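If you read the sequence from its start, that first residue is 1, and numbering goes on from there. Remember, predicted model here, so these are calculated numbers, not experimental data. When reading the values below, keep in mind they use all heavy atoms of this one structure, side chains included, and skip hydrogens, waters and symmetry mates.
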Amino acid sequence: MLRWLQNFPHFLEILYDLLEFGLNPLKRWFKPGSRSESFVILLEKAGKGMVFNCKMCGQCILHSTGMTCPLNCPKHLRNGPCGGVRLDGTCEVKRDMVCIWVEAFERSLRMPTYGHQFASLQPPMNNQLKGSSSWINMFHGIDVDLPSGWMSTKDIPVIWEMENDHAD
């Protein structure tokens, strides 16, 4: 309904910061399992649903994906496009749809505060959080807690290989 707002990602990142700042003093009342949780879920579902077609994953990364929800990708890819994005930027699964990751990249370029996070590797989605409030989960660190046996993406070593142009 209000998806056109996604075309103004800088405005949305300012709104995100204001909302986080405004809700921060209230976080002691917004706890998982509290009476306020269902109210927060209702507000989050309505607000983010209208603007981002939110799927209520409980681990919102909109600010890291150009204010574009990666769960709107038909393949639910969380770390970038599949190999099937067409040359014209459309989705291989839904031909009439622009690839979510093409939109996310273009929008992240217009986000001075969080745009750089587009290149960050996101952890796999914890499906145990589906249907819960990402705001409550963020306030209490639940969105970054990993299930037993999972490894943080920060613990994965990145090895850069440079092609050696010199003959030894």
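- Formation of a donor-acceptor pair under 3.5 Å by the N79 side chain with backbone atoms of Q122 is found in this model.
- In this structure the side chain of E20 reaches within 4.5 angstrom of the side chain of W135, judged on heavy atoms.
- I136 and I61 are members of different hydrophobic clusters when ILVMFWY side chains are connected at heavy-atom separations under 4.5 Å.
- C99 is listed as a side-chain neighbour of P81, based on a closest heavy-atom distance under 4.5 Å.
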Problem - Check against side chain to side chain contact (heavy atoms under 4.5 Å, CB included), L62 and Y16 - result: CA-CA 9 Å; L62 285 168; Y16 172 86; over 6 Å; no

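- Counting heavy atoms from C-beta on, the side chains of K27 and N24 come closer than 4.5 Å.
- Taking hydrophobic clusters as Ile, Leu, Val, Met, Phe, Trp and Tyr residues chained together by side-chain heavy-atom distances below 4.5 Å, V93 does not share a cluster with L77.
- Across every non-hydrogen atom of P32 and H140, the tightest pair is CD-CD2, 3.9 Å.
- Between H10 atom NE2 and L109 atom CG the span is 14.0 Å, to the nearest 0.5 Å.
- More than 12 heavy atoms of other residues, nucleotides or ligands sit less than 6.0 Å from atom NZ of K55.
- In this structure, the separation between CG on L146 and CG on N126 is 8.0 Å, given to the nearest 0.5 Å.
- Looking at Q6 and C69, their side chains never come closer than 4.5 Å, going by heavy atoms from C-beta outward.
- Hydrophobic clustering of Ile, Leu, Val, Met, Phe, Trp and Tyr side chains at less than 4.5 Å, counting indirect connections, keeps I142 apart from F139.
- Between the CG atom in L71 and the CD1 atom in I100 there is a gap of 10.0 Å [rounded to 0.5 Å].
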Exercise for the section: Mind running side chain to side chain contact (heavy atoms under 4.5 Å, CB included) on F52 and L12 for me, showing each step along the way? Expected result: CA-CA 11 Å; F52 305 107; L12 289 171; 3.8 Å; yes

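- Taking both residues in full, the closest heavy atoms of C82 and K75 are given as SG-NZ, 3.6 Å, listed atom of the first, atom of the second, then distance.
- N137 and S132 form a side-chain donor-acceptor contact under 3.5 Å, judged by distance and modelled atom types alone.
- V144 and M138 sit in two unconnected hydrophobic clusters of ILVMFWY residues. Membership requires side-chain heavy atoms under 4.5 Å apart, directly or through other members.
- Residue R28 holds its CZ atom at 12.0 Å from OG of S36, rounded to the nearest 0.5 Å.
- Linking Ile, Leu, Val, Met, Phe, Trp and Tyr whenever their side-chain heavy atoms come within less than 4.5 Å leaves L43 and L15 in two separate clusters.
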Problem - side chain to side chain contact (heavy atoms under 4.5 Å, CB included) between H63 and E13, worked out - result: CA-CA 7 Å; H63 62 285; E13 75 180 338; over 6 Å; no

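- The closest side-chain heavy-atom distance from E37 to K31 is not below 4.5 Å.
- Side-chain atoms of W101 and P70, non-hydrogen and from C-beta on, do get closer than 4.5 Å to each other.
- Atoms CZ and CZ, from F8 and R110 in turn, are 8.5 Å apart once rounded to the nearest 0.5 Å.
- For the residue pair T65 and F118, the shortest heavy atom distance occurs at CA-CD1, 4.3 Å.
- The shortest non-hydrogen separation linking G22 to P25 is O-CD, 3.4 Å.
- Between the side chains of E44 and S134, a donor-acceptor pair is found at a separation under 3.5 Å.
- Screening E103, E106, R107 against N7 for a side-chain hydrogen bond (donor to acceptor under 3.5 Å, both in side chains) leaves a single residue, R107.
- Here the side chains of P74 and M97 are in contact, with some heavy-atom distance below 4.5 Å.
- Counting heavy atoms from C-beta outward, M111 and Q117 have side chains that stay 4.5 Å or more apart.
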Problem - Q59 vs R78, side chain to side chain contact (heavy atoms under 4.5 Å, CB included): CA-CA, chis, key distance, verdict - result: CA-CA 11 Å; Q59 295 176 274; R78 222 170 129 90; 3.9 Å; yes

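- Side-chain atoms of R86 come within 3.5 Å of backbone N or O of C91 as a donor-acceptor pair.
- In this structure, the separation between CG on L19 and CD1 on I14 is 13.5 Å, given to the nearest 0.5 Å.
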